[in-house]
Amino acid sequence: MKKEYDYLIVGSGLFGSTFAHEAMKRGQRCLVIDKRHHIGGNIYCENIEGINVHKYGAHIFHTSNKSIWDYVNAIVPFNRYTNSPVALASDGRMYNLPFNMNTFYQMWGVKTPAEVQTKLDEQRRAEFEGLRGREPENLEEQALILVGRDIYELLIKEYTEKQWGRKCSDLPAFIIRRLPVRMTFDNNYFNDLYQGIPIGGYNRLIEGLLKGVDIKLDTDFFKQREELSALAGKIVYTGPIDQFYAYRFGQLQYRTVHFDTEILDVPNYQGNAVVNYVPKEYPFTRIIEHKHFEIFGNVVYNNPRTVISREFSKEWSEGMESYYPINDERNTVLYEQYHNLAVQESNIIFGGRLAEYRYYDMAPTIAQALSLFK
Ligand code: FAD
Ligand code: UDP
């Protein structure tokens, strides 16, 4: 018997929405369900005081893949936002991020790349000697090799331990390699060729992707698994993979973030979208001032109010939002067990950051969904 839909797509985040968009272009019928009250997954924005508030954490789109950049811009044009956070360091001073000539000047007063190189070599010599030729094995060793002890202690250690709830010496080295180290006066947080925020906010991107697709909100797949599954020939599942298999091997772990959002009666609270707070005396990791993602220069003063979110990083427990997968050994082994079951399924496609238990940025999430159609 012919089913009502070709695909039941569980989750209206970027993965599910891109998949639905592509399937629809090919004449296939999709039903997208989401347990939340809105579409968009974690890129959803809520409009407060005329400002798009990134409800599930600040999102900056960045990619070097021109075809992905063209793909999203064909749905909604992007603005010229460039992420350049500043950090309040453990010495109480403000420094530019990522680590670049501005940071080095602020830290050591060094003015040229040659002076920086000499200073960094001096800082790193003892650290290299300590490794005796082996690769750095954890985040602490990696950070000391990349930028030396001063920067590690003033800008990395306390922030990282707050964010991950673990000692730097117990975290994988790759986390800190996400940050560029640059010998130029360039505060751009990313190395990618293209970067920005959709003009009018992320909801426009999701609405564009899901135009014409059937959607059911407030619908948890696991509460009506049988009847929903019966509606479609195939399922695209973007929820947590361990939940799909009823946690039979155990629960995957995450870090979660609590956002404390406040409306302030000032037009410009911190002068930047992102300010990191390194010292452990501050229980939050950073403050996001949302208007700066979309309004530039003194036009921010046209709105007398602003909205800020303080981000508190926490250990995940059941019922909380799962944000950052913890890619340590225990979780990697556990994920592999679930993955081995998933690859045997013939009618179910697993995709996105929760089903693949991977920290996917937005552009790779889209690329992953598109690759299924190639
Ligand atoms: P999600 O957006 O999580 O969508 C999954 C959807 O599935 C959700 O809507 C959920 O409600 C739904 N769902 C789950 N289970 C069920 C169920 N049982 N029934 C029905 N529905 C269900 N990327 C960047 O490129 N730049 C950034 O600056 C950036 N910042 C980030 C900041 C934070 C705090 C986090 C956590 C991520 C950030 N990302 C960023 C990554 C980005 O959020 C992801 O790449 C993207 O959201 C992945 O989309 P997805 O569809 O895989 O997952
Ligand atoms: N980090 C840090 N100090 C900062 C900002 C970042 O030590 O002020 C470290 C921290 O360990 C973090 C990593 O760099 O996990 C990667 O930073 P990024 O901003 O990419 O993290 P995100 O919050 O996007 O995962």
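Everything quoted here is computed from the prediction, not taken from an experiment. Counting starts at 1 for both ligands and their atoms, following the listed order.
- For atom 4 (O) of ligand 1, the nearest protein heavy atom (residue, atom name, distance) is Gly13 CA, 3.5 Å.
- Short contacts between ligand 2 and Ile156, defined as distances under 4.0 Å to a heavy atom of the residue, involve ligand atoms 7 (O).
- Every atom of ligand 1 with a heavy atom of Tyr56 under 4.0 Å away is listed here by number and element: 34 (C).
- The ligand atoms of ligand 1 that sit less than 4.0 angstrom from a heavy atom of Thr219 are 19 (N), 20 (C).
- Looking at Ala58 against ligand 1, only its backbone comes within 4.0 Å, counting heavy atoms.
- For His290 and Phe259, the ring centers sit 6.0 Å or farther from each other.
- Protein heavy atom in closest approach to atom 5 (C) of ligand 1: Thr238 OG1, 3.8 Å.
- Ring orientation note: the planes of His59 and Tyr202 are nearly perpendicular, at an angle over 60° on the 30°/60° scale.
- The pair Glu115-Lys111 does not meet the salt-bridge criterion, since no charged nitrogen lies less than 4.0 angstrom from a carboxylate oxygen.
- Protein heavy atom closest to atom 7 (O) of ligand 1, with residue, atom name and distance, is Gly11 CA, 3.2 Å.
- Geometrically, ligand 1 and Phe222 share no nitrogen or oxygen pair separated by less than 3.5 Å.
- Nearest heavy-atom pair across Val274 and Asn83 is CG2-OD1, 3.6 Å.
- Looking only at side-chain heavy atoms (C-beta outward), Arg36 and Leu217 stay at 4.5 Å or farther from each other.
- Interface atoms of ligand 2 facing Leu97, defined by a heavy-atom separation under 4.0 Å, are 8 (O).
- Checked against a 3.5 angstrom limit, the closest N/O atoms of Leu139 and ligand 2 fall outside it.
- In the vicinity of Leu155, heavy-atom distances shorter than 4.0 Å reach the ligand 2 atoms 2 (C), 3 (N), 4 (C), 7 (O), 8 (O).
- Contact check for Glu315 versus Arg255: side-chain heavy atoms found under the 4.5 Å cut-off.
- Scanning Thr160, Val86, Asn83, Val147 for the heavy atom closest to atom 10 (C) of ligand 2 points to Thr160.
- Taking 4.0 Å as the cut-off between side-chain N and carboxylate O, Glu161 and Lys280 do not count as a salt-bridged pair.
- Exactly one of Phe244, Tyr338, Tyr335 qualifies for a ring pair (Phe, Tyr, Trp, His ring centres under 6.0 Å) with Phe249. That residue is Tyr338.
- Between Phe61 and Trp69, the ring-plane angle classifies as tilted under the 30° and 60° cut-offs.
- Listed for the Glu49 side chain is no donor-acceptor partner under 3.5 Å among the backbone atoms of Arg305.
- When only non-hydrogen protein atoms are considered, atom 33 (C) of ligand 1 lies nearest to Tyr324 OH, 3.8 Å.
- Summarising the geometry, atom CD belonging to Gln142 is positioned 11.0 Å from atom CD1 belonging to Ile175; distances are rounded to the nearest 0.5 Å.
- Between Ile366, Leu228, Thr18, Asn42, it is Asn42 that holds the heavy atom closest to atom 47 (O) of ligand 1.
- Heavy atoms of Val257 found under 4.0 angstrom from ligand 1: none, in either backbone or side chain.
- Taking any N or O of Gly351, backbone or side chain, none lies under 3.5 Å from an N or O belonging to ligand 1.
- Taking every heavy atom of Ile176 and a limit of under 4.0 angstrom, the matching atoms of ligand 2 come to 9 (C), 14 (O).
- Close approach of ligand 1 to Gly239 is summarised as follows: ligand atoms under 4.0 Å from at least one heavy atom of the residue are 14 (C), 15 (N).
- One option in Asp192, Ile288, Asp34, Leu354 has a heavy atom closer to atom 11 (O) of ligand 1 than any other, and that option is Asp34.
- Near Asp220, meaning under 4.0 Å from any of its heavy atoms, are these atoms of ligand 1: 17 (C), 18 (N), 19 (N).
- Formation of a donor-acceptor pair under 3.5 Å by the Asp192 side chain with backbone atoms of Tyr194 is not found in this model.
- Atoms CG and CZ, from Leu146 and Arg177 in turn, are 8.0 Å apart once rounded to the nearest 0.5 Å.
- In terms of protein heavy-atom proximity, atom 24 (C) of ligand 1 is closest to Asp361 OD1, 3.2 Å.
- Shown here is Phe78, whose CZ atom has more than 12 heavy atoms of other residues, nucleotides or ligands within 6.0 Å.
- Interface of Gly41 with ligand 1, defined as ligand atoms under 4.0 Å from a residue heavy atom, comprises 2 (O), 4 (O), 8 (C), 9 (O).
- In terms of protein heavy-atom proximity, atom 41 (C) of ligand 1 is closest to Tyr360 O, 3.3 Å.
- Close approach to Gln163 involves these atoms of ligand 2, each under 4.0 Å from a residue heavy atom: 10 (C), 12 (C), 15 (O), 23 (O), 25 (O).
- Looking at Lys55 and Glu321, no side-chain N of the basic residue comes within less than 4.0 Å of a carboxylate O on the acidic one, giving no salt bridge.
- Neither the backbone nor the side chain of Phe61 comes within contact range of ligand 1; no heavy atom lies under 4.0 Å.
- The shortest contact between atom 36 (C) of ligand 1 and any protein heavy atom is with Tyr323 CD2, 3.1 Å.
- Considering backbone and side-chain atoms alike, Tyr159 places every N or O at 3.5 Å or more from each N or O of ligand 2.
- The distance between the ring centers of Phe19 and Phe373 falls below 6.0 angstrom.
- For ligand 2, the atoms lying closer than 4.0 Å to a non-hydrogen atom of Tyr189 are 5 (C), 6 (C), 17 (O), 18 (P), 19 (O).
- Against a heavy-atom cut-off of under 4.0 Å, Leu179 is close to the following atoms of ligand 2: 1 (N), 6 (C), 14 (O), 17 (O).
- Near Ile175, with a cut-off below 4.0 Å to any heavy atom, the atoms of ligand 2 are 11 (O), 13 (C), 15 (O), 16 (C).
- We find that Arg310 and Glu262 are joined by a salt bridge, their nearest charged nitrogen and carboxylate oxygen being less than 4.0 Å apart.
- No heavy atom of Tyr44 sits closer than 4.0 Å to any atom of ligand 1.
- Not a single N or O atom of Ala363, backbone or side chain, sits closer than 3.5 Å to an N or O atom of ligand 1.
- Of the candidates Arg353, Glu356, Lys35, the one placing a heavy atom closest to atom 52 (O) of ligand 1 is Arg353.
- Cluster annotation: Val181 is connected to Ile156 through the hydrophobic network of ILVMFWY side chains, with a link wherever side-chain heavy atoms come within less than 4.5 Å.
- Of all protein heavy atoms, the one lying nearest to atom 37 (C) of ligand 1 is His59 NE2, 3.7 Å.
- Ring-plane geometry between Tyr359 and Tyr324 is classed as parallel, the angle between the planes falling under 30 degrees on a 0 to 90 degree scale with a further cut at 60.
- For ligand 1, the atoms closer than 4.0 angstrom to any heavy atom of Gly352 are 52 (O).
- For the pair Arg80 and Phe296, the cation-pi test (distance below 6.0 Å, angle within 45°) is passed.
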